[in-house]
Amino acid sequence: MAFKNISLAFARCLSSLQPRFRFNWELPHANLRVVVDGLAGALVIGVVAATPVAAQDKPSSVGLGVFTFTSGPAAAYGMPGKNAADLMIDEINAKGGIGGVPVTATFVDEAQGAQGVIAEYRRLAGDAKNQVMVAALSSATCLALAPIAEQLEVPTVGWNCDTHQLLMDGKSKYVFRPNGNTVPEFIAYAIYLLDRKPDVKTVAIINPDYAFGHDAAKIFTAALKALKPDIEIVAELYPKLGSPNYQTEISRLTTARPDVVFSNLWGADLENFVRQATPRGLFTSSQVVLALGETVLQRVPLPDGVIVGVLGDGWWMSPDAKANPETVKFAEAYKSRFGEYPVFPSIKMANALIYVKAAYEAAMQKNGGKWPTRAELAAAMKGSKVATLTGITQTRADNDGLVDQIVGVTVKTSAQPFPVIGDMVRYKGDSLMPQAGQDPLAWISTLKPEFAKSLPKPGSYKIGER
Amino acid sequence: MRIILTAAAVLTLAVLPVAAPWLQFVLTLAIAKGFAALGVAVLLRAGLISIGHAMFFAASAYGVAFLAHAGINDLGLLLVLSVLVAALTGAIAGAFLVRYRAIFFAMLNLAVSMVFYALCAKLYGVTGGTDGMPVPIPAVFGIIFAEPAFKSVLFYLSLALMVLVGLAVQRYLDSPLGHALSAVHTNEIRLEYLGIPVWAVLLIAYVISAALAGLGGAISAFAIGRVVPDFAFWTASGHLVLIAVLGGIGGVPGAFIGALFLELLHSAAVTVTDAWNLIVGMALIIVIMFMPQGIYGLFARKEASSP
């Protein structure tokens, strides 16, 4: 019936085809002039914009493309990064910039999606002044930009994106990630949890419903199963990113009564979740692990004993950070300028900028004080070891960064009105990373309980000790 | 005269990337979206608004990613097959969607496309979830290009396709089958009485519009190098409707003019401020308020007054 109808329609149309190859969009000459003039103007602007600057001369300013979320829900995480970049660049410029040249950043909003971000990346890369890109927050953006960075040969520093897929092939020449990846970040929580609660039997997971949430669940589960095979995952919930309401999920979690609830919710989602779960007793019935908990310490009253961390070493109050006058100064300046102390996304951004600055300095030292090319900058990042605000980031052969992992629990102190992290541990960056090129999940499944025993214990990371 | 103008516009587009290389990507993307918006515009002829055409855009883009993953490594073959994927998806969805009109049509398209979006985002093991799938650089008739050269080939191919497909669609819209679409809009029952099967007319239009969206999706997939579920999100569909309305639903050039306008406006706005959404939104309001016929209507109106 359907086919008959279609063929019928086709036949009718074919039989009545008339050779009227005529368009109906004539326009008068006056309009044409305007259009042609406009196009010519656009062409001229394009030519002017594309005129390159000689890379070896010292430019009037060091351009940086900085990619973060400045609009939409993810800005809850992206704006602390942007704020930190503003502050850090001011601090760098106050000390004379990089090699005597002031730094200016062009911020690109990742909320416009992969297409817009790529267009902006290409535009910025077309200007020889922008030698390095600091990109990006979202793993999806980093994955989309990585092949372009390699093609255009622009050193690109991932300041936050942490998917383990990014540098897995080990072939990257221009993409660097000094902030570490999801594998050590979430193994650290499994080890810490088992040290603190060795008798844990049941675990529930509530993560945001996108790659970051699923990756984290996979890594955390694999690590738990490897280190304590009798652990059971009783619930895996993936609420939509940006959900305003978590009551259904909280009901599921409270009826499942797991020993542990693990979550890598973040931003406003995490705040919402904590506010809704606290009155329903989730924090008293289960040991809660909030992988990105540090970001909300200053905003919601988290009860004591919640396992939180910073996905790396970027806590502004860690003993190492407190021992570094630069970090203390940065944190105070941040507080006075933005009304809050920095959260770990801010520190990650600041550290990424320090990493870029170090690369410029190393490259100029190597080539005898000349202004470095993009290739020289990438070479300087390769295998570098840079002291950041909160520790050291070591760039491996596959361009992935080794950073320490800090995990602890919330405690109240008299020093701050909000809870801070206590009973901390600081795992060495290389101890939780698979070898370059190794499949991370296969590596995790080879872990043995003895492996965890060899690592530092909760509470071992205190002021005055390292 | 109008042929000269078209040629001048196409020629300008062709030389712009020589002047500003970064524009090449923006323009490739604009043309790709122009194809998809043209698909929406075809249905708009019949008074049907599809708020779900990003589904076909994404279906074809994922088609490219999957086919490339399966070992097919030729630009031409990938383009043809992925457009067929989109057309097939269109035929399946269209078979029941074209029975509906007005708000029901719009909403059902939206619903189906969001199901597709959810599948792309949730079938983590198959589609890579929100991280998406990579699209490698294919060979062009056996020649393997380096990346920058391939992007140029892609751009000029899109440009050529824009002209060829544009002519074909113009021809289609001017055929009885195309005129039947306007007739559906004005008086559907009369059409049935004339012995023209409305369902088939609409299904053909639906498949054509899905294939157009698919062509845009495939080009985008090659240009971006990565396919993500966001391609199918309803805001992307809304974006396509917007382009179609913005450019003017009168003719084929409208869709491409709208796409170029919106992409260039977007590119300009994001360089100015974080509140780029505001600038884009304001510009849209201005166009809708003062140019009810769309940007293309500016030209078309002049023509209407001078017979």
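Every heavy atom of this structure was used, including side-chain atoms; hydrogens, water molecules and symmetry mates were not. On a predicted model such as this, the values are computed, not experimentally measured, just so you know. We name chains A, B, ... by the order of the sequence lines, and we start the count at 1 in each one.
Ranked by heavy-atom pairs shorter than 4.5 Å toward chain B, the options A:Thr106, A:Asp215, A:Thr141 are led by A:Asp215. Heavy-atom pairs under 4.5 Å with chain A were tallied for B:Leu29, B:Val26, B:Leu264; the largest tally goes to B:Leu29.
Only the side chain of A:Gln165 comes within contact range of chain B, with heavy atoms under 4.5 Å apart. Heavy atoms of A:Lys240 lying under 4.5 Å from chain B are absent altogether.
One distance of note links CD1 of A:Ile148 with CD1 of B:Ile224; it measures 8.5 Å at 0.5 Å rounding.
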Note to self: Let's go through A:Arg123 and B:Phe25 carefully: what are the C-alpha distance in whole Å and the side-chain angles of both, what is the deciding distance for side chain to side chain contact (heavy atoms under 4.5 Å, CB included) to 0.1 Å, and is it a yes or a no?
What the structure shows: CA-CA 9 Å; A:Arg123 192 179 64 79; B:Phe25 176 78; over 6 Å; no
Item checked: side chain to side chain contact (heavy atoms under 4.5 Å, CB included) between A:Arg122 and B:Lys151, intermediate numbers included -> CA-CA 12 Å; A:Arg122 285 181 182 273; B:Lys151 291 287 154 78; 3.4 Å; yes
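Paired with A:Gln115 under the rule side-chain hydrogen bond (donor to acceptor under 3.5 Å, both in side chains), one option of B:Arg226, B:His266, B:Lys33 passes, and it is B:Lys33.
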